[in-house]
Amino acid sequence: MLLVLPNIRPPLLDLIATNIPNNLSRSGVISTGLSDHEMVYCVRKANWKKFPAQTKQFRNYAKYNGESFCSDLNNVDWESIGNPTEDANVSVNEHWSNFKVKFMDVANLHAPLLEKCVRGNPCPWLTGEIKREIRQHNYLLRKAKQSHATEDWLAYKSHRNRVTKSIKIAKSKYNIKVIEDCGGNPKAFWQAIKKIMPGETKTVLSSFKVEGQVITDYKTIAESFNKFFLGTVGRLVKTMNDSVMSFIGRTCNSSTMRVHGTASSFEFEEISEQFIYTQLHKLKTSKAVGLDQMPSHLLKDSASLISKPLATIMNLSISQGRIPCDWKIARVLSLFKGGKKCNMDNYRPISILPTVSKILERAIHTQLCRFLTANNILSSSQCGFRKGYSTEHAVIALTDHIRRGMDQGLITESVFIDLQKAFDTVDHYLLTEKLQGYGVNGKSSIGLWITCKIVSKLFSLGMLIQNPALCHLGYLRALY
């Protein structure tokens, strides 16, 4: 108990309890004079958690000028990348490599990559003046330790108190401004609270126990996570009984997946420069960058210049039924979900794909959804992952069904199923056969491209590049 004096006489009813008293700076009882109960209070320390410093790689935009960047990019001979019509034997990998080299040469000139050690706890309230005062504080401390003079120690303590007061005032003003900027929005308010008073860190531990051994080497930890994520689906399949596996085998028969009434076949249209230009302008510059190190900021600024060569490369990728190797590599981060941090099952993989590859996926997604909608292939009850539909439609349909049953004097029973690893356990062969039943010819260029996308992929965990992961059952959902 933190309170020294009781807040009600004779018994003590209102309490403030904590298992970490060091997180509170002070507490007490305030007499209101309105009732027998006195008001109790405590003051919690903000930003009491100390996170270790991190070394991060980022692009330096201090001297970046968008017009100058586009001017240099305009002088690049994009025609030298290659003409798909004339160079039919040249693979899409070579065309993409040529484009990437030319683009990155200009990008690294205007926004070079740098590595910098950043503090674990962000301190946006630290102004240039306060930083100068801190440097002066450190100088006076070193001087006092060397001279051991009383006047030097007095000068240091006086300056230290002044710096501490300045930091408290600046931090208080910043926190008040963050709260005021919420404008009464509850979601923004709680985001501001998390920013001011951060909770538990979501970073991966520095040591794990794998197969009875404690490992601390980051490369070994990455390899262990890689092996664990790849084996997740395999371990789940082992828990399935024979009846489930028999059902999957019967379902894989393509004759059972034919969609009756679908006479037309899906024909992919060439991607236009305007589509690429529009998608590049929609890019969010705050998104993370993939292993290709091509930031959305630079791609967005140069949209008018690179739309044509990118459209050429993407159309070539479809016509050849191949995907550039860079587009099949994802940087996978381990995100802690909850529970024991030493248990790898409490982490889920987050894949960060190259930005350009997402534009091609968007083009295929748009055309494929348009084809499915035009041929009425999707069920009217399919509310997820569809434009114009949401969970509200599913809830309304369910409640209407229940109400109609009640009006007719019927009892409605429902069964809700939560599928474990639902996306990860999609069978690749079954998926390609089902697409063929929907009208996507598996032997056409777009069919080959989709098959290549589903089956063949590489990914890296952290910065460790792994070998191609060819899995018949299960894949990382972000790579599909």
Side-chain angles (χ1 to χ4, degrees), residues 1-5 7-8 14-35 37-56 58-62 64 116-141 155-203 284-288 296-297 335-336 338:
M1 187 181 70
L2 299 175
L3 300 180
V4 179
L5 300 175
N7 69 320
I8 183 173
D14 301 329
L15 302 175
I16 297 179
T18 178
N19 59 340
I20 312 178
N22 293 332
N23 297 344
L24 303 179
S25 59
R26 65 179 184 273
S27 62
V29 180
I30 298 178
S31 177
T32 60
L34 300 177
S35 67
H37 285 266
E38 306 292 351
M39 184 175 68
V40 298
Y41 77 95
C42 65
V43 180
R44 185 183 185 276
K45 297 178 182 178
N47 296 332
W48 58 274
K49 288 185 178 294
K50 301 298 182 181
F51 299 131
Q54 299 178 354
T55 301
K56 294 187 176 181
F58 63 96
R59 288 195 176 273
N60 184 11
Y61 290 98
Y64 173 75
K116 186 177 181 181
C117 183
V118 296
R119 62 170 67 240
N121 288 74
C123 301
W125 54 81
L126 284 182
T127 62
E129 181 179 355
I130 294 179
K131 290 181 179 179
R132 287 191 294 270
E133 292 292 332
I134 293 176
R135 286 194 289 269
Q136 179 66 15
H137 159 275
N138 296 335
Y139 165 74
L140 292 176
L141 178 60
Y156 157 70
K157 292 179 180 179
S158 175
H159 192 80
R160 177 199 62 190
N161 296 338
R162 187 162 60 252
V163 171
T164 303
K165 184 178 180 180
S166 299
I167 292 176
K168 287 183 178 180
I169 294 174
K171 186 186 296 186
S172 176
K173 289 182 178 179
Y174 171 79
N175 293 341
I176 293 174
K177 184 178 182 302
V178 169
I179 298 296
E180 290 177 348
D181 290 344
C182 297
N185 186 347
K187 183 177 180 180
F189 172 78
W190 287 112
Q191 289 179 348
I193 292 297
K194 288 181 180 180
K195 183 186 297 184
I196 296 173
M197 305 172 66
E200 292 291 338
T201 175
K202 299 291 185 180
T203 56
K284 296 181 180 179
T285 57
S286 59
K287 294 295 184 179
S296 302
H297 187 182
L335 184 63
F336 178 65

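Model, not experiment: these values are computed from the prediction. Computation of the quantities below employed the complete heavy-atom set of this structure, encompassing side-chain atoms and omitting hydrogens, waters and symmetry-equivalent molecules.
Taking NE2 of H159 as the reference point, atom OG of S166 lies at 8.5 Å (rounded to 0.5 Å). Distance check: Y64 OH to R59 CZ gives 10.5 Å after rounding to the nearest 0.5 Å. To the nearest 0.5 Å, atoms CG (L140) and NZ (K157) are separated by 13.0 Å. Atom CD1 of I167 and atom CG of L126 lie 6.0 Å apart (nearest 0.5 Å). Summarising the geometry, atom CG belonging to N60 is positioned 9.0 Å from atom NZ belonging to K116; distances are rounded to the nearest 0.5 Å. One finds the CD atom of Q136 at 7.0 Å from the CD atom of E133 (value rounded to the nearest 0.5 Å).
T164 places a side-chain N or O within donor-acceptor distance of the main-chain N or O of R160, the cut-off being under 3.5 Å.
Taking both residues in full, the closest heavy atoms of V163 and H137 are given as CG2-CB, 4.3 Å, listed atom of the first, atom of the second, then distance. When all heavy atoms are compared, the tightest approach of W125 to I130 is O-CD1, 4.0 Å.
Within the 4.5 Å cutoff, the side chain of R162 has heavy atoms near those of the S158 side chain. In this structure the side chain of I193 reaches within 4.5 angstrom of the side chain of I179, judged on heavy atoms.
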Q: Given side chain to side chain contact (heavy atoms under 4.5 Å, CB included), test K173 with I169 step by step and report yes or no.
A: CA-CA 6 Å; K173 289 182 178 179; I169 294 174; 3.7 Å; yes
Q: With side chain to side chain contact (heavy atoms under 4.5 Å, CB included) as the test, would you mind laying out the steps for I134 and N138 before giving the verdict?
A: CA-CA 6 Å; I134 293 176; N138 296 335; 3.9 Å; yes
Q: Step by step, work out the side chain to side chain contact (heavy atoms under 4.5 Å, CB included) result for K287 and K284.
A: CA-CA 6 Å; K287 294 295 184 179; K284 296 181 180 179; 3.8 Å; yes
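By the 6.0 Å contact criterion, OH on Y139 is open, its count of non-hydrogen atoms from other residues, nucleotides or ligands being 12 or less.
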